[in-house]
Every structure is written in C-alpha cells, then in structure tokens.
2 protein chains.
Amino acid sequence: MGPDSATAPCEPRGDADEVAARLRSAGLSPTRRRRQVLEAIEHRQRPVGAHELYVELARRGHGVGMSTVYRALSALAEAGLLHAFAGDGETRYRLCTAGRHYHLVCRRCGTVREYPADDDGAWLDRIAAEADFEPDPRKAEVQGVCGSCLRADRNGTDG
Amino acid sequence: MGPDSATAPCEPRGDADEVAARLRSAGLSPTRRRRQVLEAIEHRQRPVGAHELYVELARRGHGVGMSTVYRALSALAEAGLLHAFAGDGETRYRLCTAGRHYHLVCRRCGTVREYPADDDGAWLDRIAAEADFEPDPRKAEVQGVCGSCLRADRNGTDG
DNA sequence: GTTTTTGCAAATGATTTGCAGAGCT
DNA sequence: AGCTCTGCAAATCATTTGCAAAAAC
C-alpha cells in the first residue's frame, strides 16, 4: 500500500505494542495508520494540524493519504486519546492523558500543558457547586502566556 | 446600498446611540453595518455563526453582504466586544463583557455563560503562581453541561 | 474630496465524501 | 468470504481577497 509496507507485515519493535494496546483500550482497532499517527503525535508539546502531521509521516517514510490522516485524527480524538484545538483556521491535535486535567495554552509559543485539575483546591468542583454547571475537566482550556515566553519577553524588552 | 438604506440616513432611535458609543470606545468607527451586527448579536445566549447572523440580518431587512458580516465579526472580536468560539467547523461569536470572567459552555444546549473570574478564590491567580503561567481570564473556556440541561436529562431518564 | 467601508464574485484552504482496491480476521 | 481501512480525486463548506461603487468624515 505505502512505500513502507515492504518493510514488514507489521513492525513490532520498541513500544509499538504499547501504542497498539492504548488504541485497543480506547476501543479502536490498532491499524498501522492509527499507530503511526499516534506515534508521530504523542511526544509533541504543541498541537499538530493535519497537514503538518501528513508531512511528518511522509518524512518518516509513511506514505499516508491526507484523508487517512484526517480520519485517524478524528477517530483518536473521539476516542479520547487526543484533544482537539480549534482556531486559526485549522484544527490541531495533541495527546490527552487519562487524569483529570485542563489545558494551559500559551498564545505565544503554542505549547499546551496539561494541568492537574485537583492541584488548585478543586476549582472545577466549586464551579459545579456555585455555578449550577457540571464541568468536563478534560474539556477546559485556559489561554495565556507560559513562563518561558514571559521571561523571554522581559529579556527582550529590558536588554 | 441595502434595502434598508432608504429608511433614513441613520436610525438614531432607541439605544442605537449606546451601541455606537460602545463601538467608539472599543476603537471602532460605528458604521451602520457594525451597529447592525452588534445589535443583532448582543442579546443572544449562545454564540452565532456568520451565516446564521447573515440570515438574521436579512430577516431584519438589512441587506448585508456575507463578507461584510465576516469583516464586522472579526473587527468586533478583535476589539474585544465579542468572544470567538471555534469548533464544529465554523467560528461563532458571542458578546463579551468588560469584567474578568471566563466562559462556561454547555455542550448540550450551546449556551455560554460568563462566570466572574473572582468568585472562586481567584483560581486564575493561583494558576499564575503555581503553574508558571499567566492566564488571560477572558480567554478561558470550560465545557460541560449547564444545570437546566442536567435536570432535563434526569427528568428524561427517570420518568 | 479623500479615506474607509461595503458588496460582489472569484479564490483559497481546510475538511469530507464516494468509491474501488488493499488488508486483516 | 466478509468487514474494515485506505487512497485518490472530486465535492463541500467556511472564510478571505481583489476591486469598483458607495458612504462617511
């Protein structure tokens, strides 16, 4: 099918099995493309768009079609393995871990950090109580500027 | 220009002046189209997309072009009068008031409520301190289910 | 009268879809 | 064999842009 399919029927080296297992427990069949997408995305700090990921996969020698990239990203996001960030015209995706957390998005460098939802006196629970609203911890985004960018700004301004 | 332009050079009745003033203080010239857009959007509970707004304006007898709607929405959002919600393929806009607040988005009915950012023990400030991150209160979104929808669900399930 | 805004139509860009072939069970 | 996944090309949908007429200051 793709240029890399000649390598082996499937490449079971490294933590490929772990990735496959993760797909399975999310309720998805661990197809080669989905594994490649998840492997390509999982160590990134900032959300990746479909086209950028397509290029990255090509660079890795995986000849994945554009529509397959879109389909894989949607499937992974719907299964809860990725979080989708809309804005700037395209949707970008980032790994989303299991625990209760929300997302700190740096508008300067684009990095997204997961912040544990309970390290702050259960803020989300207070919303539930005080605002008559049941928040979904993993669907909360806070935009701002991360510490590194703040300090970079200051240095740029001062000196 | 439009079918309504024959009515009067400008329609200074009601709180049209107030809307114009709001545009001015946001740094925008209060053109007829911008006023019409702001008037059409400001009492809505849930964010409105460009096309929906276009239809609404047509219904009100304002023959506004599609690109003007887009331009007006972008201008108002950039000026801070509206908040833009991306997702589901299109960008939707909602009035955004002056105070420190974040947005509670009901995934069931789509309603967005502004929640004062200080009613919760300055949660955002704690993030700033604990997470090395400078949050922008007005760019924070929490998704979840609002009280009305929760109760509607329960009623639907029980009886 | 000059500058800004608007409308239209065409262009762009992201994403989806139809469909036939490939891959896995 | 049967069902899902994939790739390609075409279709779709939201949004942007070029440009000339219209409106505002």
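Below, chain A is the first sequence line, B the second, and so on; all start at residue 1.
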Which whole-number value in Å describes the distance from [X] [atom1] to [N] [atom2]?
| X | N | atom1 | atom2 | value |
| --- | --- | --- | --- | --- |
| A/D88 | C/dG13 | CG | P | 15 Å |
| A/R35 | C/dG23 | CZ | C1' | 12 Å |
| A/F85 | C/dA14 | CZ | C1' | 19 Å |
| A/Y54 | D/dC8 | OH | P | 7 Å |
| B/R32 | D/dA22 | CZ | C1' | 10 Å |
| A/L73 | C/dA14 | CG | P | 14 Å |
| A/H62 | D/dT6 | NE2 | P | 13 Å |
| A/E52 | C/dG13 | CD | P | 17 Å |

**Pairing residues for A/R34 by the salt bridge (Lys or Arg N to Asp or Glu O under 4.0 Å) criterion, not counting sequence neighbours** =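 For A/R34, no residue satisfies salt bridge (Lys or Arg N to Asp or Glu O under 4.0 Å) once neighbours in sequence are set aside.
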
**Message:** Could you work out, with salt bridge (Lys or Arg N to Asp or Glu O under 4.0 Å) as the rule, every residue matching A/R151, not counting sequence neighbours?
**Reply:**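 Residues passing salt bridge (Lys or Arg N to Asp or Glu O under 4.0 Å) with A/R151: B/D132.
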
Expected list for residues 66-86 of chain B: side-chain donor-acceptor pairs under 3.5 angstrom, two or more places apart:
residue	atom	partner	partner atom	Å
B/S74	OG	B/Y70	O	2.9
B/H83	ND1	B/R138	O	3.4
B/H83	NE2	B/E141	OE2	3.4

**Message:** Just N and O in the side chain of A/T31: are any of them under 4.0 Å from OP1 or OP2 of C/dC24?
**Reply:**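 Checking A/T31 against C/dC24: no side-chain N or O falls below 4.0 Å of OP1 or OP2.
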
**side-chain N/O A/R33 vs D/dG7 OP1/OP2, d < 4.0 Å** =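 Yes.
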
**Item:** Distance (rounded to the nearest 0.5 Å) between B/R113 CZ and B/Y102 OH
**Value:**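 So the CZ of B/R113 and the OH of B/Y102 are separated by 10.5 Å.
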
If you define the side chain from C-beta out and look only at heavy atoms, does anything of [X] sit under 4.5 Å from [Y]?
| X | Y | value |
| --- | --- | --- |
| A/V64 | A/Q36 | yes |
| A/C146 | B/F133 | yes |
| A/I41 | A/R94 | no |

**Asked** Excluding sequence neighbours, so at least two apart, what forms side chain to side chain contact (heavy atoms under 4.5 Å, CB included) with A/A40?
**Response**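 With neighbours one apart ignored, the set is A/L53, A/E56, A/L57, A/R60.
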
**Request:** Would you mind listing every side chain to side chain donor-acceptor pair (under 3.5 Å) that reaches into residues 39-53 of chain A, with sequence neighbours excluded?
**Result:**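 Those involving residues 39-53 of chain A are A/R22-A/E42, A/R44-A/E52.
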
**Item:** For DNA chain D, the residues among residues 19-28 of chain A that have a non-hydrogen atom under 4.0 Å from it
**Value:**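 None, since no heavy atom is under 4.0 Å.
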
Compile the donor-acceptor pairs under 3.5 Å between side chains in residues 104-112 of chain A and protein atoms, sequence neighbours left out, one pair per line.
residue	atom	partner	partner atom	Å
A/R107	NH2	B/D136	OD2	3.2
A/R108	NE	A/D153	OD2	3.2
A/R108	NH2	A/D153	OD2	2.4

**Prompt:** In chain order, what residues pass the side-chain hydrogen bond (donor to acceptor under 3.5 Å, both in side chains) check against A/H101, with sequence neighbours excluded?
**Reply:**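 For A/H101 the side-chain hydrogen bond (donor to acceptor under 3.5 Å, both in side chains) partners, ignoring immediate neighbours, are A/H103, A/E114.
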
**Prompt:** Bend across the helix from C/dG1-D/dC25 to C/dT25-D/dA1, to 10°, with axes taken over 5 pairs at each end?
**Reply:**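 About 30° separates the two local helix axes.
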
Which pairs, protein N/O on one side and nucleotides 13-20 of chain D N/O on the other, fall under 3.5 Å?
residue	atom	partner	partner atom	Å
D/dT15	OP1	B/T91	N	2.7
D/dT15	OP1	B/T91	OG1	3.2
D/dT15	OP2	B/Y70	OH	2.9

**Item:** Closest to side chain of A/T68, choosing from C/dT5, D/dT4, D/dT6
**Value:**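 Out of C/dT5, D/dT4, D/dT6, the nucleotide with an atom closest to A/T68's side chain is D/dT6.
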
